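Data block below; observations after.
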Amino acid sequence: MLDPQLLRDDIGAVAQKLADRGYDLDVKAWQDLEERRKALQVETESLQSQRTKISKSIGQAKAKGEDIQPLLDQVASIGDQLEKSKADLQQVFADMEQVTLYVPNLAQDDVPVGQDEEDNVEVRTWGQPPSFDFEVKDHVDLGAMSGFMDAESAATLSGSRFTVLSRDLARLQRALTQFMLDTHINDHGYDEFYVPYLVNDQAMLGSGQLPKFADDAFITEDGRFLIPTAEVPLTNLVSNEILEADQLPIKMTAHTPCFRREAGSYGKDTKGLIRQHQFDKVEMVQIVHPELSNQALEDMTSHAENILKALKLPYRVIVLCTGDMGFSAAKTYDIEVWVPAQNTYREISSCSNCEDFQARRMQARFRSPDQKKPQLVHTLNGSGLAVGRTLLAVMENYQNADGSIRVPDVLQQYMGGVKVINQC
RNA sequence: GGAGAGAUGGCAGAGCGGUUGAAUGCACCGGUCUUGAAAACCGGCAUACGUUAGUAGCGUAUCUAGGGUUCGAAUCCCUAUCUCUCCGCCA
């Protein structure tokens, strides 16, 4: 949610910035609502004030045993007026909320303006894509050869976009997860959390998945949502909180499955682990002082990069352009890992500074010693990393000519000494 | 799932139709006293919105949330959510 003050003071500039993101704000409609709101609110509050005054004097008159009928007559007409004006005001507020809940965050000034992923800008690359003296196989083939990855069984169980991993490959995924968590906890200063995988609509609203993207999430019969990312439960841990300044920054990590409908991506990445309805992810979330959020974004991105460095997987970092950013983000870095079989980089992490956008929705604030009023915190989230896609990247980058897969050095301690994954 | 009890300010806890935004205690902040500290005493201490040049003043709302009764609701009624106790079931 944007700062309503900003919408009032400088709506022209806001509309321009939203246009950069491909969002068309109806300025005239908003200003009309705002004007109505102002008139109605002033009217309602003054009526309420009158009514309260008279009601109090009724109490006093009664206590003294005076006749209260004149006062009752006086207040009678206020009641109807008040009811009407209250209802109108509520309607205007509801209309305004329908706008504000659907308006995306504003991009930071240094974010490149652009339409879609074509306009994203590469920031840096790390590592050299490996060269192979044989024809590389993709992870689907490698998985089939080993017999440890089974899309058909998954289709029988659940449908498309699911997978069954077994034995050394299942273990390798667990090793990756463990390694990521341990690194974030031991080297990067995050605290580990275990969180619910089902959340209510308030939580989804707070982090910005609702109301606009309801179709992307799985909803349960009793109205809960399967989390599309651990960002939702982790970030909402501070909802409706007023934190003390010295509690910041809060750095949280959690490993969870993530569930996504992937509506609207029909035909895209239909094979393999790239795009699944269910995938595991290790998530990082930071709750920070507003002045430090940009530095925190750089730090968090480097934390995700450190995982890839340790795994010796080549990657590049790009900054998303205005048109490609997520709803809640003010600035986003994507990290893309080298995928040999596709001869390109594919997204494996997305790190965003949401500034106060989510904090305002969920009323997450802190009290700083130098300011009387509580102020909104800044929230950041980043994948550290998407585990399924990391598994895919390891499989493809570490493949041998015979289809076996070398286990990266840092994972071997988690694999009980297994150094190469062969076949069933 | 069944039966019961409850949800009040940072925390504890009173109030149970009328000057209650809410007693009291604790915590916190400022002051007096003191060489300093403690104690004691004095004072302060919610949030949001509106109006406004204003973090001044004034107004409005908020005692879990949403509805209702009433001239007037923290207090009465309904619904939802959550918590606790007991029983049942269960990894």
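Each chain gets a letter, A, B and so on, in the order its sequence line appears, and its residues count up from 1. Computed from a prediction, not measured in an experiment: that's the story for all the values here.
If you take CZ of A:Arg361 and P of B:A48, they are 19 Å apart, rounded to a whole angstrom. Atom NZ in A:Lys53 sits about 12 Å away from atom P in B:C58, given to the nearest Å. The nearest whole Å value for the distance from the CD atom in A:Gln363 to the P atom in B:U64 is 19 Å. If you take CG of A:Asp201 and P of B:A80, they are 16 Å apart, rounded to a whole angstrom. Taking atom CG of A:Leu47 as the reference point, atom C1' of B:A61 lies 15 Å away to the nearest angstrom. Rounding to whole angstrom units, CD of residue A:Gln202 and C1' of B:C82 are separated by 14 Å. B:A53 atom C1' lies 16 Å from atom CZ of A:Arg8, rounded to whole Å. Rounded to whole angstrom, the span from the NZ atom of A:Lys86 across to the C1' atom of B:U60 amounts to 10 Å.
For B:U60, the paired base is B:A48 (Watson-Crick or G-U wobble, both distances below 3.5 Å). Across all strands shown, B:A53 remains unpaired; no Watson-Crick or G-U wobble contact has both distances below 3.5 Å. When Watson-Crick and G-U wobble pairs are counted only if both distances are under 3.5 Å, B:A40 pairs with B:U32. Nucleotide B:G17 forms a pair with no other nucleotide shown, judged by Watson-Crick or G-U wobble geometry with both contacts under 3.5 Å. Base pairing of B:U83 is made with B:A5, judged by Watson-Crick or G-U wobble geometry with both donor-acceptor distances under 3.5 Å. The base-pairing partner of B:A23, taking Watson-Crick or G-U wobble contacts with both distances under 3.5 Å, does not exist among the strands shown. Here B:U69 sits opposite no nucleotide as a Watson-Crick or G-U wobble pair (both hydrogen-bonding atom distances under 3.5 Å).
By the 30° and 60° cut-offs, the orientation of the rings of A:Tyr190 relative to A:His188 is perpendicular.
Each of B:U19, B:G67, B:G59 was ranked by its minimum atom distance to the side chain of A:Ser49; first place goes to B:G59.
Residues A:Ile227 and A:Cys258 are not in side-chain contact: their nearest non-hydrogen atoms beyond the backbone lie 4.5 Å or more apart. Looking at A:Asn105 and A:Ser328, their side chains never come closer than 4.5 Å, going by heavy atoms from C-beta outward.
Salt bridge annotation for A:Lys84-A:Asp80: absent, with no cationic side-chain nitrogen under 4.0 angstrom from a carboxylate oxygen. One finds no salt bridge joining A:Glu35 and A:Lys38 here, because no Lys/Arg side-chain nitrogen approaches an Asp/Glu carboxylate oxygen to under 4.0 Å. By the 4.0 Å N-to-carboxylate-O rule, A:Arg174 lies too far from A:Asp280 to be salt-bridged with it. A salt bridge is absent between A:Asp138 and A:Lys271; no separation between the charged side-chain nitrogens and carboxylate oxygens falls under 4.0 Å. Ion pairing between a basic and an acidic side chain is recognised when a charged N comes within 4.0 Å of a carboxylate O; A:Asp110 and A:Lys331 show such pairing.
Within 4.0 Å of A:Gln60, counting heavy atoms only, lies at least one base atom of the nucleic acid.
Nearer to the 5' terminus of RNA chain B, by closest-nucleotide assignment, is the contact made by A:Phe93 (compared with the other of A:Phe93 and A:Gln50).
Atom P of B:A46 sits at a distance of 23 Å from the matching atom of B:C41, rounded to the whole Å. On the C1' atoms, B:G21 is 15 Å away from B:G59, given to the nearest whole Å. Distance check on atom P: B:C29 versus B:A39 gives 12 Å, rounded to whole Å. Comparing B:G9 with B:C63, their C1' atoms are spaced 9 Å from each other, to the whole Å. Comparing the same atom, C1', in B:A12 and in B:A23 gives a spacing of 14 Å after rounding to whole Å. Atom C1' of B:G31 sits at a distance of 31 Å from the matching atom of B:A48, rounded to the whole Å. Look at the C1' atom in both B:G67 and B:A73: the space between them is 14 Å, to the nearest Å. Annotation: B:A14 and B:U79 have their P atoms spaced 26 Å apart (nearest Å).
Remark: A:Lys38 is not in phosphate contact with B:G50, judged by side-chain N or O atoms under 4.0 Å from OP1 or OP2. Side-chain nitrogen and oxygen atoms of A:Arg365 include none within less than 4.0 Å of the OP1 or OP2 phosphate oxygen of B:U47. Considering only side-chain N and O atoms, A:Arg360 lies nowhere under 4.0 angstrom from the phosphate OP1 or OP2 of B:A48.
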What pairs of nitrogen or oxygen atoms, one from the protein and one from nucleotides 70-78 of chain B, lie under 3.5 Å apart?
{"residue": "B:C71", "atom": "O2'", "partner": "A:Ser55", "partner atom": "OG", "Å": "3.1"}
{"residue": "B:G72", "atom": "O4'", "partner": "A:Ser55", "partner atom": "OG", "Å": "3.1"}

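Between A:Tyr197 and A:Phe259, the gap from one ring centroid to the other reaches at least 6.0 Å.
No donor-acceptor contact under 3.5 Å links the side chain of A:Gln41 to the base of B:G50.
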